Protein chains: 4
Amino acid sequence: MPRPSNTEERRQQIVLGLLRVMSERGYERASVNEIAKAAGLSPGLVHYHFSDKQEILLVLVEQLAARARERVARRVARIAPEDARGKVEAFLDAFLATGADADPSAVAGWVTISAEAIRQPEVRDAYEQVVRADLEHLEGLVASVVGKRRARALSVGLFAAVQGYFVLSASAPGLVPSGSAAHTVKQMAAGLLDTATAKEGA
Amino acid sequence: MPRPSNTEERRQQIVLGLLRVMSERGYERASVNEIAKAAGLSPGLVHYHFSDKQEILLVLVEQLAARARERVARRVARIAPEDARGKVEAFLDAFLATGADADPSAVAGWVTISAEAIRQPEVRDAYEQVVRADLEHLEGLVASVVGKRRARALSVGLFAAVQGYFVLSASAPGLVPSGSAAHTVKQMAAGLLDTATAKEGA
Amino acid sequence: MPRPSNTEERRQQIVLGLLRVMSERGYERASVNEIAKAAGLSPGLVHYHFSDKQEILLVLVEQLAARARERVARRVARIAPEDARGKVEAFLDAFLATGADADPSAVAGWVTISAEAIRQPEVRDAYEQVVRADLEHLEGLVASVVGKRRARALSVGLFAAVQGYFVLSASAPGLVPSGSAAHTVKQMAAGLLDTATAKEGA
Amino acid sequence: MPRPSNTEERRQQIVLGLLRVMSERGYERASVNEIAKAAGLSPGLVHYHFSDKQEILLVLVEQLAARARERVARRVARIAPEDARGKVEAFLDAFLATGADADPSAVAGWVTISAEAIRQPEVRDAYEQVVRADLEHLEGLVASVVGKRRARALSVGLFAAVQGYFVLSASAPGLVPSGSAAHTVKQMAAGLLDTATAKEGA
DNA sequence: CATGAATGAGCGTTCATTCAT
DNA sequence: AATGAATGAACGCTCATTCAT
């Protein structure tokens, strides 16, 4: 009787090992040996479970995205169905109220992934797909407030603000007043939605 | 008669070589040999003019910052002294109206630098110093509109939006509607400033 | 009641797996995992049935030799007992009329084995033993025509030509006119045997 | 004043280092570290002068071929212009009278290259090109004796015999009677040329 | 100032072999 | 018999850095 497969568990360990090492040393400097050590495994095993280092990164992208989607879904679900603005705020809170402050290594990892997306086409594809999905979600929520025509640009703006807070909190942590991110971005959202609604009404 | 020093010219070439290579391959993968080739120089000369690879990066950070400061100064100077809101918009335009679209390699380089700032303390210090200076400038402009008390958080929010647009346009270029960045961020600014002014007035 | 042993069948599968992989990738690059996959077995099983990779190769050498011996025996048996020259030609046909053209992977495998024989003493021993047996067979046939004294050198020459055709057809396949090998080597044999017979008669 | 380039000298050392190590351990087992050691150089320098290990092999193929061409040219040049058969024999002597016996590592290297040609397309191309050039030379000499029509098949046969002697002397050295190779192949040549001439005359 | 050869540590990856099940 | 996860050494290759000229 063969030993029961523990492949998924091992892949998990390795992906989390990459996140840990990468958030401290970046992707290039996260050597496979260190990833293995962080995962408590032998170096050879990493390549038994992943065809190459990039594959680990791609799985990590997907996992971080899934975590975020869950957080968003949970928060948005709590909002009353007719409260369209509340859902937009819930979306933003999901990213900023806990994300940026609560899990610095995930934020650092995400910023690192953004930079890797610039030069690794496969990473870029994965990154774009994740961002596109998030954006479409947000765009839908925004459209309920201001209509479809203006939703795209507004949601990109709000999402950019979120990403920008990630970058600043990871790369220049001393400069972001603690706890201000969610509040400020929601204010931006309110301003954008008001303006757009007013125009729409005109 | 000693030949006139060309040190500064050489350093310039090398720094621009790094920017070029780095925007295509990232910092770690930008080998000194490639930097030298991009600069039209021999590899050995790079270490004659810089003590190590990181020093080139630090100079690049400062140069990109200086370029941005000049663009900002030029635009803000054109605004009527009493038009406080106009100056905020000029600041944002300086970063987004030309920056993100017009010089993709500088944007890619800046995003790469943000990620390197996460793990290289010296890079982080340089990055923070640059961001702090920009933020203080923006904060001053914002304070003229809404007062000192609220200026800090608002300016960080606007600056985050700018950084976020940089990241999105470098890492997921298909997703940012072309030309929308400056307009949207200025809308955000208007909303924030209106809200804050109203509160202040209250 | 113990299940009947399938050891021999498994060893067969593995040896043929090695031949398949080796003819495409060479011996060193034929990984045990690939051999197992080609054999339809699990990697661990390979080392259950063989102590190491080299042992598979040694068995393969013996099997390819056995195949060749059978082909030779079959063809030679068809020749009239008194037709000594006919037997020499039958021997050569056994190697070249079908071998080189009909089973490219066996030819590639044999050429690969020749090269491995240069550095692995155990492989060299196995290879030498096989070649010696073939040579002794051929030498016997040649001796019936020209006498024992000259048979050794002549049979080595003919055998060398056979091996040379193997190499050329495996390594530079475009250069050997299709179907010419058996004919040309038999012409060589005829020339050698004529000359030697004439000298012998003198 | 820069140091004068010694690139060609270094490349020579490295190529000869590969030949030495490869003739003892095969191509795959000839590690870059060992090649460097055999060449008296540091490991990193190998990749400074060659883009990869295969490039060293390709240069070696060309060098071994050049050596052989020179030996052939020297011997053939000594033969009287009208002595067509003598030139064929000189060609064969160039490969077998000294080659096989005198430089075992070159022979072992060549046999190794033949085997590598089976799986590395670039090696195959280089190998085929070398063999084609040699064959065309021999074919021209043979054609002077028997006419163009029969020359191709005969020259391939003789060349195969030469290659076969290389293989046997490298891989099963005990089985080739010392000094017999050149003599036997020349006998084969004589037989082939006689037969073909007779037919041609018919 | 400038060259480009040289160094050696470290990287991602492969792999024969072992072993718990 | 059989599985496939696990190991760790070795490989080809890259690279920041040094240095003789």
Side-chain angles (χ1 to χ4, degrees), chain A residues 1-7 9-11 28-36 40-56, chain B residues 2-7 9-10 28-37 41-56, chain C residues 2-7 9-10 28-37 41-56, chain D residues 1-7 9-11 28-36 40-56:
Chain A
M1 197 186 335
R3 182 191 313 185
S5 171
N6 54 2
T7 291
E9 188 189 339
R10 289 287 179 260
R11 284 174 64 97
E28 288 292 336
R29 287 182 143 107
S31 75
V32 172
N33 267 322
E34 275 174 316
I35 295 167
L41 303 173
S42 73
L45 199 54
V46 172
H47 282 93
Y48 181 79
H49 289 292
F50 289 91
S51 62
D52 55 22
K53 193 179 148 186
Q54 191 189 243
E55 195 198 343
I56 316 176
Chain B
R3 89 181 82 159
S5 167
N6 54 5
T7 291
E9 186 189 344
R10 291 284 179 261
E28 287 292 335
R29 288 187 146 110
S31 74
V32 172
N33 270 326
E34 274 176 314
I35 295 167
K37 196 181 299 174
L41 303 172
S42 70
L45 202 51
V46 172
H47 277 88
Y48 180 83
H49 288 293
F50 291 91
S51 65
D52 58 21
K53 198 178 140 186
Q54 194 191 65
E55 194 197 340
I56 317 175
Chain C
R3 88 180 85 160
S5 166
N6 54 5
T7 292
E9 188 189 341
R10 290 285 178 263
E28 287 292 336
R29 286 187 147 111
S31 75
V32 172
N33 270 326
E34 274 176 316
I35 295 167
K37 196 182 299 175
L41 303 172
S42 71
L45 201 52
V46 171
H47 279 87
Y48 180 82
H49 289 293
F50 291 90
S51 63
D52 58 20
K53 197 178 142 185
Q54 194 192 65
E55 195 197 340
I56 318 176
Chain D
M1 197 186 336
R3 182 192 312 185
S5 171
N6 54 3
T7 291
E9 188 188 340
R10 289 288 179 262
R11 284 173 64 97
E28 289 291 338
R29 288 181 143 108
S31 75
V32 172
N33 268 323
E34 276 174 316
I35 294 168
L41 303 172
S42 73
L45 199 53
V46 171
H47 282 96
Y48 180 79
H49 289 293
F50 289 90
S51 63
D52 56 22
K53 194 180 148 187
Q54 190 188 242
E55 195 198 343
I56 317 176

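Chain letters run A, B, ... following the sequence lines, proteins first, then strands; residues in each count from 1. As the structure is a prediction and not an experimental result, all values here were calculated from the model.
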Report task. Please state whether the phosphate of E:dG10, meaning OP1 or OP2, lies under 4.0 angstrom from any side-chain nitrogen or oxygen of A:Ser31. Result -> no
Query raised in the report: When the nearest nucleotide of DNA chain F is assigned to B:Lys53 and to D:Pro43 on a heavy-atom basis, which residue is associated with the more 5' position?
Result: D:Pro43
Query - Stretch residues 44-51 of chain C: residues that reach within less than 4.0 Å of DNA chain F through a heavy atom - result: C:Gly44, C:Leu45, C:Tyr48, C:His49
Could you list the donor-acceptor pairs under 3.5 angstrom formed by side chains in residues 42-52 of chain A, with sequence neighbours left out?
from: A:Ser51; atom 1: OG; to: A:Glu55; atom 2: OE1; distance (Å): 3.1
from: A:Asp52; atom 1: OD1; to: A:Gln54; atom 2: N; distance (Å): 3.4
from: A:Asp52; atom 1: OD1; to: A:Glu55; atom 2: N; distance (Å): 3.0

Requested in this report: Check whether any side-chain N or O of B:Arg29 sits under 4.0 Å from OP1 or OP2 of F:dT14, and answer yes or no.
Outcome: no
Report summary line: Of B:Ala30 and C:Leu41, the one whose closest nucleotide on DNA chain F sits nearer the 5' end is C:Leu41
Report summary line: When every non-hydrogen atom of C:Arg29 is compared with those of C:Glu34, the smallest separation belongs to O-OE1, 3.4 Å
**Report entry** Point-to-point distance, once rounded to the nearest 0.5 Å, from NZ of C:Lys37 to OG of C:Ser31
**Finding:** 7.5 Å
Query raised in the report: Quick one: D:Asn33 CG to F:dA10 P, roughly how many Å, whole number?
Result: 11 Å
Query raised in the report: Within less than 4.0 Å of OP1 or OP2 of E:dC1, is there a side-chain N or O belonging to B:Asn6?
Result: yes
Query raised in the report: In whole angstroms, how far is the P atom of F:dT14 from the CG atom of D:Asp52?
Result: 8 Å
Query raised in the report: Under 4.0 angstrom, heavy atoms only, what part of the nucleic acid is B:Val32 near: base, sugar-phosphate, or nothing?
Result: base
Report summary line: For DNA chain E, consecutive-pair runs of 3 or more (Watson-Crick or G-U wobble, both H-bond-type distances under 3.5 Å) give E:2-21 with F:2-21
**Report entry** More than 12 heavy atoms from other groups under 6.0 Å of NZ on D:Lys53
**Finding:** yes
Query raised in the report: Which nucleotide sits closest to the side chain of A:Ser42: F:dT17, F:dG8, E:dG12?
Result: F:dG8
Query raised in the report: Is any side-chain nitrogen or oxygen of A:Thr7 closer than 4.0 Å to OP1 or OP2 of F:dG4?
Result: no
Requested in this report: Quickly work out the B:Glu28 CD to E:dC11 C1' distance and round it to whole Å.
Outcome: 11 Å
Report task. Calculate the interatomic distance between A:Glu55 atom CD and E:dG12 atom P; express it in whole Å. Result -> 15 Å
Query raised in the report: Expressed in angstrom and rounded to an integer, what is the separation of B:Lys37 atom NZ from E:dA2 atom P?
Result: 19 Å
